[in-house]
Structure formats: C-alpha cells, structure tokens
Amino acid sequence: LGEPYLTDLFDFGEFPTLTTKRLILRELALDDAPGVFAIRGDYQVTRYNTGPAYTHVDQARRLIQSIRDGYVRGDELRWGIALKGADQRVIGMAGFNYWHRTDRRASIGYDLARAHWQQGIMSEALRAVIDFGFTRMNLNRIEADCTVENEASTRLLLHLGFQPEGIQREQYFEEGRFWDLRLFALLRREYSR
Ligand SMILES: CC(C)(COP(=O)(O)OP(=O)(O)OC[C@H]1O[C@@H](n2cnc3c(N)ncnc32)[C@H](O)[C@@H]1OP(=O)(O)O)[C@@H](O)C(=O)NCCC(=O)NCCS
C-alpha cells in the first residue's frame with residue numbers, strides 16, 4: 001500500500017458511504033432505531049460483550065444518537081449495514097470505536113442480525129471497513145477484541161487475517177461471572193501481502 005494522497009485523508013466531513021457486491025454501508029439515522037433494536041434486542045447478538053440485550057427501542061435511538069455525536073466529534077466512525085436493493089433496512093453495524101492518530105491505530109466492532117449470520121455478510125462488510133481504514137485513514141494497525149467463547153467472531157477475525165495477540169484473563173464481569181477477552185490485530189504490512 002502506498003501512502004494516501006493527503007488531500008484524500010478522511011477528515012470526518014461528508015459521511016463516507018461504502019458499497020460492496022451485496023451491501024451498502026451507510027450513515028445511521030434515528031429512523032433506523034427499529035432495525036437497530038431488532039439487532040441489539042436479541043440476546044444471541046448481545047451475549048458477548050455489548051451489555052444486556054435492549055428491552056426498549058429508545059435504547060436503540062440513544063445508541064444511534066451517540067454514534068452520530070461521536071462522528072461529529074471526530075472520534076467514532078460506525079456504519080449501518082444494509083442489503084443493496086431491498087428496503088435498505090439496517091441489518092448490522094460495523095466500524096471504528098476509536099482512532100489513535102499518532103499511533104495510526106483504530107479498533108473495530110461489529111454485529112449483525114441473526115437472520116443474516118453465516119452468509120459471508122460480515123466478512124464482506126469488514127473487508128470494506130478495513131480497506132477504508134488502511135487507505136483513507138492511513139492506519140498501520142487495526143485492533144479487535146473478542147470474548148474467548150465467541151466462536152463466530154473469532155472465526156471471522158481469523159478469516160480476515162487478524163492475528164491473535166493474547167488473552168486478557170477475566171477482563172470483564174457480566175451475567176454473574178468474569179469473561180476472558182482475546183486481542184487480535186491486523187497490520188498494514190500483513191494486509192498488503
Ligand atoms: C460475529 C458475526 C458478526 C459473524 O458474522 P457472519 O456474517 O455470520 O460471518 P461470516 O458469514 O462472514 O463468517 C466468517 C467466518 O466465521 C465463521 N462463522 C460465522 N458464524 C459462525 C458460528 N456461529 N459458528 C462457527 N463459525 C462461524 C464462518 O464459517 C466463517 O468462517 P470460515 O472462513 O472458516 O468459513 C455474527 O455472528 C454476529 O453478529 N454475532 C453476534 C455479535 C458479535 O459477537 N459481535 C462481535 C463481538 S466481538
């Protein structure tokens with residue numbers, strides 16, 4: 001990968017919509033609250049590490065507002081994932097939780113409505129997100145962390161070329177117990193190979 005043209009470096013101006021073969025990754029709007037609630041209200045989606053499942057659509061609205069505020073502050077970039085063509089209803093979310101400019105590293109997070117699991121959707125979405133990170137954000141390192149028991153997310157990260165870097169033992173407390181978290185990262189030089 002070459003250095004990006006500096007004029008092309010992402011600056012949190014116009015929201016960067018991305019498209020892939022099957023998907024549109026677009027800005028989340030407050031109207032997406034029912035779609036986000038359908039994702040975050042499902043215990044199977046939230047059981048690893050995103051807090052308890054939502055019980056009310058207002059929680060989805062607050063999440064969307066906080067994602068939009070994070071974008072305005074220039075420290076959070078998260079896309080809503082929709083299927084091309086259809087009604088463009090949001091079926092998932094993916095993006096960067098933070099961006100450390102000096103170290104040129106950022107961390108990704110993602111989740112997907114259960115009806116769409118195991119069809120290669122998140123692999124396809126994250127390829128576009130990662131590509132954006134290495135080109136438009138000029139990142140050197142993309143990090144992810146994942147509960148050790150979360151087989152789907154672990155397989156997804158390995159599939160995308162992320163390397164496991166170790167385990168933070170008993171890193172967080174939820175549902176009455178401590179959970180181990182595995183750290184992963186993908187480096188720019190590995191990605192370009
Ligand atoms: C993790 C998640 C986003 C995966 O999305 P997905 O679109 O189903 O993943 P893909 O279809 O692109 O699959 C990627 C790889 O993971 C594997 N995989 C996906 N779901 C799996 C499952 N439930 N069990 C085992 N392997 C699984 C696929 O087989 C594929 O592996 P392969 O390359 O070895 O064939 C989805 O399961 C999800 O939203 N989970 C709940 C939220 C979550 O855990 N988020 C991450 C927190 S760290």
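The first residue in the sequence is number 1, and the count goes up from there. Bear in mind the structure is a predicted one, so any value in this text is a computation, not a measurement. Atoms within each ligand, like the ligands themselves, are counted from 1 in listed order.
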Would you check if the side chain of D180 reaches a backbone N or O of E170 as a donor-acceptor pair within less than 3.5 Å?
-> yes
When you measure from atom 4 (C) of ligand 1 to each heavy atom in T147, I121, L156, which option holds the nearest one?
-> L156
Going only through I, L, V, M, F, W and Y residues with side-chain contacts under 4.5 Å, is there a path from I91 to I24?
-> no
List, by chain and number, the other hydrophobic cluster members for V90, where Ile, Leu, Val, Met, Phe, Trp and Tyr join if side-chain heavy atoms come within less than 4.5 Å, directly or indirectly.
-> L28, L30, V36, F37, Y54, V57, L63, I64, I67, M93
Less than 3.5 Å between some nitrogen or oxygen of M122 and one of ligand 1, yes or no?
-> yes
Under-4.0 Å heavy-atom contact with ligand 1, by part of D145 that carries it = backbone
Identify the protein heavy atom lying closest to atom 36 (C) of ligand 1, giving its residue, its atom name and the separation to 0.1 Å.
-> W117 NE1, 3.6 Å
Please identify each residue that fulfils side chain to side chain donor-acceptor pair (under 3.5 Å) with E175, with sequence neighbours left out.
-> Y43
Any idea which protein heavy atom is nearest atom 11 (O) of ligand 1, and the distance to it?
-> G120 N, 2.7 Å
Taking C-beta and beyond as the side chain, do N97 and I108 meet within less than 4.5 Å on heavy atoms?
-> no
With atoms numbered from 1 as shown, which atoms in ligand 1 lie under 4.0 angstrom from a non-hydrogen atom of Q118?
-> 6 (P), 8 (O), 11 (O), 18 (N), 19 (C), 20 (N), 21 (C), 22 (C), 26 (N), 27 (C), 29 (O)
CZ/R169: more than 12 non-hydrogen atoms of other groups inside 6.0 Å = no
One finds that the ligand 1 atoms under 4.0 Å from a non-hydrogen atom of H159 are 32 (P), 33 (O)
Ligand 1 atoms nearer than 4.0 angstrom to some heavy atom of D111 are 39 (O), 42 (C)
Quick check: does V45 get an N/O under 3.5 Å from an N/O on ligand 1?
-> no
Using a strict cut-off of 4.0 Å, indicate which atoms of ligand 1 neighbour a heavy atom of E151.
-> 25 (C)
Go through the side-chain N and O atoms of E143 and Y98 and say whether any donor and acceptor fall under 3.5 Å apart.
-> yes
Is the F12-Y71 ring centre distance short of 6.0 angstrom?
-> yes
Do ligand 1 and Y110 have nitrogen or oxygen atoms that lie under 3.5 Å from each other?
-> yes
Option of least heavy-atom distance to atom 26 (N) of ligand 1 (set: R40, R155, M93, R47) = R155
Does the side chain of W99 reach to within under 4.5 Å of the side chain of F10, using non-hydrogen atoms?
-> yes
heavy-atom search around atom 44 (O) of ligand 1 in the protein gives N150 ND2, 2.8 Å
Can you find a protein heavy atom closer to atom 41 (C) of ligand 1 than 4.0 Å?
-> yes
Could you list the atoms of ligand 1 found under 4.0 angstrom from a heavy atom of S123?
-> 10 (P), 12 (O), 13 (O), 14 (C)
Name the closest protein heavy atom to atom 39 (O) of ligand 1, giving the residue it belongs to and the distance to 0.1 Å.
-> L112 N, 2.9 Å
Name the one of D32, T19, T17 that satisfies side-chain hydrogen bond (donor to acceptor under 3.5 Å, both in side chains) with R26?
-> D32
Could you list the atoms of ligand 1 found under 4.0 angstrom from a heavy atom of Q119?
-> 11 (O)
Considering only non-hydrogen protein atoms, determine which one is nearest to atom 23 (N) of ligand 1 and report residue, atom name and distance to 0.1 Å.
-> A152 CB, 3.6 Å
First locate atom OG1 of T20, then atom CD1 of I121, and finally report the distance between them rounded to the nearest 0.5 Å.
-> 8.0 Å
